[in-house]
Amino acid sequence: MAKKEVTVEQKLRALYDLQLIDSRVDEIRNVRGELPLEVEDLEDEVAGLNKRLEKLNNDLDVIDEGIKNKKNLIEEAKALIKKYGEQQKNVRNNREYNSLSKEMEFQELEIQLAEKHIKEHKAQIVQKNEIINQTKTKLGERNEHLGHKKGELDAILAETEKEEQALISKSEDYQKEIEDRLIKAYKRIRNNVKNGLAVVPIERGASGGSFFTIPPQVQMEIASRKKIITDEHSGRILVDQELAREEKEKMETLFSKL
């Protein structure tokens, strides 16, 4: 649908109103600051710590299984030693006796090796449990910190979310009343400046937030509201102080109703 014909002054007022609305949204988001990112980072850290705990507990299960296997091996070796000992009583010659003795010695070595492995596994368990306890302590601290930060964020959201959504809706409504080329220019300027101010009033002979003086002739042209003028230094769209004052008063009334 084609937008209705409007004067330059109406365009300037609409642009400045849009700026005031978007600046109010910026203020609300600045109040939240880094909180959403902090909460997200803490959630990622908590998830990482839980995953680490899961892996450590799985490692303990593997070590326990290893100890169980070594104990079974020891019992089997002892049974073989007993068996070979009984067989030695019935041997017919020294060769058979010596062969059984070697088998018994081998099983003794198997027992010693298994006991060594069990000792190593038990040391690993102690080490793993220390890491698990440290991780649990850290996880508890991070969960507590996360709960605190989430509480802060939820409180701010509860206080500002309704207003923010209403402002975003108003911003979209105002954009529909402004021609596309001006909206594109407005958004481009907003993205290129740190404070998001694309439309600023003249203050003390300079554009808002700037120290570069605007020539008197240009100031007069801005005050006449006959054409859209941008600051040659920052690229911002300029409006006169009186227009800015009138629109601020109008927007303050709007904001108070949200």
Side-chain angles (χ1 to χ4, degrees), residues 1-40 149-204 206-210 214 219 221-231 233-258:
M1 185 191 298
K3 292 185 173 72
K4 60 185 179 181
E5 286 294 320
V6 292
T7 65
V8 172
E9 180 176 340
Q10 288 172 318
K11 291 177 183 178
L12 288 168
R13 287 183 184 276
L15 280 167
Y16 193 61
D17 289 345
L18 179 61
Q19 178 66 75
L20 291 171
I21 292 168
D22 287 344
S23 291
R24 176 61 186 152
V25 173
D26 292 342
E27 286 174 19
I28 289 171
R29 289 174 176 171
N30 285 337
V31 169
R32 289 201 293 267
E34 298 295 319
L35 262 180
L37 287 176
E38 285 183 46
V39 168
E40 188 178 336
K149 287 295 179 182
K150 272 188 172 178
E152 282 183 30
L153 183 58
D154 289 344
I156 292 171
L157 287 174
E159 186 179 335
T160 62
E161 193 168 22
K162 184 180 176 183
E163 182 184 359
E164 182 182 358
Q165 292 306 314
L167 287 166
I168 290 171
S169 179
K170 284 288 181 188
S171 175
E172 290 170 353
D173 290 342
Y174 270 75
Q175 288 180 47
K176 292 173 185 175
E177 299 301 318
I178 303 169
E179 58 191 279
D180 292 339
R181 70 176 184 85
L182 288 177
I183 290 297
K184 286 178 182 176
Y186 168 81
K187 289 182 176 180
R188 184 182 68 252
I189 298 165
R190 253 177 74 78
N191 289 334
N192 288 338
V193 292
K194 287 182 180 179
N195 55 13
L197 294 178
V199 187
V200 294
I202 301 295
E203 296 175 352
R204 299 185 185 88
S207 67
S210 170
I214 296 170
Q219 291 185 47
E221 289 180 26
I222 293 166
S224 72
R225 306 168 189 171
K226 298 297 182 185
K227 64 178 180 177
I228 293 174
I229 297 172
T230 58
D231 177 30
H233 299 289
S234 66
R236 292 183 172 101
I237 297 168
L238 301 171
V239 296
D240 62 277
Q241 254 189 334
E242 183 60 22
L243 182 149
R245 184 187 63 77
E246 292 168 0
E247 297 310 305
K248 277 181 182 177
E249 288 177 0
K250 183 177 78 175
M251 285 296 111
E252 282 171 7
T253 302
L254 174 67
F255 296 159
S256 67
K257 293 177 180 177
L258 295 177

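The model shown is predicted, which means the values in this text are computed figures rather than measured ones. Just the heavy atoms: all of them, side chains too, but no hydrogens, waters or symmetry mates, feed the values below.
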Checklist entry - What's the verdict on salt bridge (Lys or Arg N to Asp or Glu O under 4.0 Å) for Arg13 and Glu9, showing C-alpha distance, side-chain angles and the deciding distance? => result CA-CA 6 Å; Arg13 287 183 184 276; Glu9 180 176 340; 3.0 Å; yes
Item to check | Test salt bridge (Lys or Arg N to Asp or Glu O under 4.0 Å) applied to Lys250 and Glu246, step by step | outcome: CA-CA 6 Å; Lys250 183 177 78 175; Glu246 292 168 0; over 6 Å; no
Item to check | Short side-chain to backbone donor-acceptor contact, Glu247 and Tyr16, under 3.5 Å | outcome: no
Item to check | Val25 vs Arg29, side-chain contact (heavy atoms from CB on, under 4.5 Å): CA-CA, chis, key distance, verdict | outcome: CA-CA 6 Å; Val25 173; Arg29 289 174 176 171; 3.6 Å; yes
Checklist outcome for this item: The reported gap from CG in Leu182 to CG in Leu15 (rounded to nearest 0.5 angstrom) is 5.5 Å
Next on the checklist: Quick check: do Thr253 and Lys257 have side-chain heavy atoms less than 4.5 Å from each other?
Outcome noted: yes
Next on the checklist: Taking the basic N atoms (NZ, or NE/NH1/NH2) and the acidic carboxylate oxygens, is any pair closer than 4.0 Å for Glu172 and Lys176?
Outcome noted: no
Next on the checklist: Do Asp22 and Tyr186 make a side-chain contact, defined as non-hydrogen atoms from C-beta onward lying under 4.5 Å apart?
Outcome noted: yes
Item to check | Interatomic spacing from NZ in Lys162 to CG in Leu167 - rounded to 0.5 Å | outcome: 12.0 Å
Checklist entry - Within the side chain of Arg32, is there an N or O that forms a donor-acceptor pair under 3.5 Å with the backbone of Ile156? => result no
Checklist entry - Closest approach of Asp17 and Tyr174, non-hydrogen atoms and distance? => result CB-CE2, 3.4 Å
Next on the checklist: How about NZ on Lys11, more than 12 heavy atoms from neighbouring residues, nucleotides or ligands closer than 6.0 Å, or not?
Outcome noted: yes
Checklist entry - Would a 4.5 Å heavy-atom cut-off, applied to side chains only, mark Glu249 and Arg245 as touching? => result yes
Checklist entry - Is there a donor-acceptor contact under 3.5 Å linking the side chains of Gln19 and Ser23? => result yes
Item to check | Interatomic spacing from CD in Glu152 to CG in Leu35 - rounded to 0.5 Å | outcome: 5.0 Å
Checklist entry - Taking C-beta and beyond as the side chain, do Asp26 and Asn195 meet within less than 4.5 Å on heavy atoms? => result no
Item to check | Shortest non-hydrogen contact from Gln219 toward Ile214 | outcome: NE2-O, 2.7 Å
Next on the checklist: Ignoring hydrogens, what is the shortest heavy-atom contact between Leu238 and Ile222? Give both atom names and the distance.
Outcome noted: CD1-CD1, 3.7 Å
Checklist entry - Looking only at heavy atoms, which two atoms of Ser207 and Asp231 are closest? And how far apart? => result OG-OD2, 3.2 Å
Checklist entry - Which atoms form the tightest heavy-atom contact between Val8 and Lys226, and what is the distance? => result CG2-O, 3.3 Å
Item to check | Spatial distance of atom OG1 (Thr7) from atom CG (Leu12) [nearest 0.5 Å] | outcome: 8.5 Å
Next on the checklist: Run the side-chain contact (heavy atoms from CB on, under 4.5 Å) test on Val199 and Leu18 for me, step by step, so that the C-alpha distance in whole Å, both residues' side-chain angles and the decisive distance to 0.1 Å come before the verdict.
Outcome noted: CA-CA 9 Å; Val199 187; Leu18 179 61; over 6 Å; no
Next on the checklist: Taking atom CD as the centre, does Gln165 end up with more than 12 heavy-atom neighbours from other residues, nucleotides or ligands that are less than 6.0 angstrom away?
Outcome noted: yes
Item to check | Atom pair NZ (Lys248) and CG (Leu243), whose distance is rounded to the nearest 0.5 Å | outcome: 11.0 Å
Checklist outcome for this item: d(Lys149 NZ, Leu37 CG) to nearest 0.5 Å is 12.0 Å
Item to check | Gln175 and Ser171: side chain donor to acceptor below 3.5 Å | outcome: yes
Checklist entry - What's the shortest heavy-atom distance between Leu20 and Met251, and which atoms? => result CD1-CG, 3.5 Å
